[in-house]
Every structure is written in structure tokens, then in C-alpha cells.
Amino acid sequence: MKHTWFVWGALSALVLGGCSSHDPILPGTRTPIFDASTLNMLDTAVPNAPMDAPARGDGDCPYTQDASNVIWHGDKKIFSGFPTSNSVKSEQKPVCAGGHLYVGLTTGEVVKINQSTRQVTWVADVYRASNMTGGAALLDIVSPIIVDGGAVYVGGLGDAICRLRADSGARTWCVPIATAMPMIVAGGVVYVVATDNQVYAIRASDGAVYWRAPVKKQAAPTLSGGVITVGTHRLNAGTGEKVP
């Protein structure tokens with residue numbers, strides 16, 4: 001994975017603002033910085049595990065974003081975030097839903113923008129506060145954002161995956177897991193391929209983890225016929241056990 005390095009002092013300025021309830025750089029209501037150190041491991045099978053992943057397309061969302069956290073509609077700039085000191089190369093795209101844009105930034109923030117007015121509705125921090133100490137942490141929201149009804153599922157490199165309320169940006173839950181891969185939300189379960197080379201089956205209602213299983217290499221997961229496939233690995237979606 002390629003890294004692009006900028007000046008660390010720029011991110012420090014943003015972090016100081018991000019600790020307040022109202023960010024001086026990005027307008028809109030802020031939610032508190034997430035911090036957690038443990039997982040609620042259930043070590044049990046998923047009840048009524050889903051068989052297949054729902055079809056999720058980008059739909060008609062004619063917006064793009066660049067590595068400097070700028071959102072474009074064609075050649076028109078509609079939003080400018082803050083460039084980070086370091087970031088990973090990715091192809092993150094804004095998600096359109098209900099007349100709004102949901103955008104993941106390299107600063108570890110998720111922004112909801114009204115498409116008609118271009119006003120920021122809310123901003124949420126999706127990273128662990130401890131990642132901001134001791135060096136230039138990677139906070140990028142890399143996993144594609146999933147809007148599922150009134151919930152927004154967000155995962156990134158800042159050791160956090162969160163379920164947010166679509167209306168307010170408030171957290172329903174966050175778990176200390178980092179991911180650079182697309183997530184699967186199906187049947188009340190969030191399947192995540194994490195940067196620790198583990199696949200997690202997370203209960204969508206409260207963030208508890210049904211099971212986790214190792215894989216040799218990270219890859220975008222698929223769910224078909226009750227089987228989670230990650231590269232050459234095939235796992236039972238209900239139990240996490242290997243499938244021949």
C-alpha cells in the first residue's frame with residue numbers, strides 16, 4: 001500500500017479543533033472522539049446467519065473526491081476538507097442517499113452534506129483518540145461507507161469501525177477494529193476483514209462480535225450461499241469455520 005506524506009503540523013491543527021463540540025474548520029455538529037480498548041466477544045454462532053449480501057451500488061452519485069479531501073461535482077468544488085500529514089492511496093467515493101452526501105476523509109472524519117444546499121449537516125470522528133499520540137497515525141476512512149436505512153456504517157485505519165445515526169451522526173456503537181476493505185452488512189451482521197488479518201462477524205445492533213477467524217491475506221469479502229470468501233479462504237458465515 002503506497003503512502004503519501006505531508007506535513008504533520010497540519011493534522012495537529014485539525015486534531016485540536018476536532019476535540020471540541022464544534023469544529024473551527026469544518027462546520028456542523030460534532031460527535032465526541034471515540035475511544036475504546038476492548039471488544040465484546042460473544043464467541044458464538046450467528047443466529048439465522050445471512051446467506052447472501054444485498055446488492056449495493058453507487059447509484060446516481062455524480063460526485064468525486066481527491067486526496068486533499070476536496071469534493072467535486074464535475075469541475076465544481078462543493079466541499080473542502082483539510083489535507084492530512086499522511087494518507088494512503090485509495091479510491092474512496094462519496095455515497096449519495098436521501099438527498100445527502102456521506103463522505104469519508106483522510107482525517108478520520110465522516111461528513112454528511114446536503115446535496116441541494118451544499119451545507120454540512122454533521123461531522124463525526126471515526127478513530128481512537130490514542131492514535132493521535134506518539135507519531136503520525138493513519139486515520140483514513142478507506143472502507144466504502146454503507147448507508148442502510150437510518151444507519152451509516154463506517155470503517156477506517158484509525159482503529160475504529162462505527163455505526164452512526166444517519167440523521168445526527170451520533171454513534172450507536174464503535175469497536176476498536178481497523179479495516180481497509182469493503183464491509184458487508186447483511187441480516188443484522190457486519191462482516192469485516194480487518195488489518196490484523198482477521199475476519200470479524202459483528203452484531204449490527206450493538207457492536208458485539210459473534211466470532212473472528214484468521215486469514216492469510218486481506219481482500220474484499222463476498223457473501224454467497226452462506227459462505228464468506230476472502231481471497232482463497234472460505235468461511236461459514238454463521239460460525240466462522242473453514243469451508244472446504
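All values reported here derive from a predicted model rather than from experimental measurement.
- A201 and V46 get closest at one heavy-atom pair: CB-CG2, 4.3 Å.
- The minimum heavy-atom distance between A213 and L235, with the atom names listed, is CB-CD1, 4.0 Å.
- Residues V227 and W211 do not share a hydrophobic cluster, clusters being chains of Ile/Leu/Val/Met/Phe/Trp/Tyr side chains in contact below 4.5 Å.
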*Go through D66 and W72 one step at a time and tell me if the side-chain hydrogen bond (donor to acceptor under 3.5 Å, both in side chains) criterion holds.*
CA-CA 8 Å; D66 61 29; W72 300 85; 3.0 Å; yes
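- Rounded to the nearest 0.5 Å, atoms OG (S80) and CD (Q65) are 12.0 Å apart.
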*V103 vs V110, side-chain contact (heavy atoms from CB on, under 4.5 Å): CA-CA, chis, key distance, verdict*: CA-CA 6 Å; V103 183; V110 178; over 6 Å; no
*From CA spacing to verdict: side-chain contact (heavy atoms from CB on, under 4.5 Å), L101, I71*: CA-CA 10 Å; L101 289 177; I71 308 303; 4.3 Å; yes
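- In terms of heavy atoms, D52 sits closest to S224 at OD1-CA, 3.3 Å.
- Residues W173 and M41 fall within the same hydrophobic cluster, defined by Ile, Leu, Val, Met, Phe, Trp and Tyr side chains chained together at heavy-atom separations under 4.5 Å.
- The backbone N or O of L105 sits nowhere less than 3.5 Å from a side-chain atom of N69 that would complete a donor-acceptor pair.
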*Would you sort out whether R163 and V152 count as a side-chain contact (heavy atoms from CB on, under 4.5 Å), showing the intermediate values?*
CA-CA 6 Å; R163 173 178 170 168; V152 180; over 6 Å; no
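- Inter-residue side-chain proximity for C174 and I161 is flagged as unmet; no heavy-atom pair is nearer than 4.5 Å.
- G98 and H100 get closest at one heavy-atom pair: O-ND1, 3.0 Å.
- The shortest non-hydrogen separation linking D148 to Y153 is CB-CE1, 4.0 Å.
- Residues V230 and M51 fall into different hydrophobic clusters, defined by Ile, Leu, Val, Met, Phe, Trp and Tyr side chains chained together at heavy-atom separations under 4.5 Å.
- Between K93 and P144, the closest side-chain pair of non-hydrogen atoms is not below 4.5 Å.
- Considering only heavy atoms from C-beta on, I228 stays 4.5 Å or farther from T222 through its side chain.
- For the pair P176 and L39, the minimum side-chain heavy-atom distance is below 4.5 Å.
- In terms of heavy atoms, V147 sits closest to Y102 at CG2-CD1, 3.7 Å.
- Looking at Q119 and I113, their side chains never come closer than 4.5 Å, going by heavy atoms from C-beta outward.
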*Can you list the steps and then say if D140 with T106 is a side-chain hydrogen bond (donor to acceptor under 3.5 Å, both in side chains)?*
CA-CA 4 Å; D140 306 46; T106 64; 5.1 Å; no
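- Hydrophobic clustering (ILVMFWY, side-chain heavy atoms < 4.5 Å, transitive): V215 and Y210 are in one cluster.
- Listed for the H233 side chain is a donor-acceptor partner under 3.5 Å among the backbone atoms of K216.
- Two residues are said to be in side-chain contact when any heavy atoms from C-beta on lie closer than 4.5 Å; Q115 and Y63 meet this criterion.
- Enclosure of atom CZ in R165 is not indicated, since only 12 or fewer non-hydrogen atoms of other residues, nucleotides or ligands lie within 6.0 angstrom.
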Per-pair distances, 0.1 Å, donor-acceptor, side chain in residues 177-196, under 3.5 Å, sequence neighbours excluded:
residue	atom	partner	partner atom	Å
T179	OG1	M181	N	3.2
T179	OG1	M181	O	3.4
T179	OG1	V193	O	2.7
Y191	OH	A237	O	2.8
D196	OD1	Q198	N	3.2
D196	OD2	Y200	OH	2.6

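- Using a distance-only test at 3.5 Å, with no hydrogens or angles considered, no donor-acceptor pair links the side chain of S68 to the main chain of V70.
- Applying the side-chain hydrogen bond (donor to acceptor under 3.5 Å, both in side chains) test to R212 and every residue at least two apart in sequence or in another chain returns nothing.
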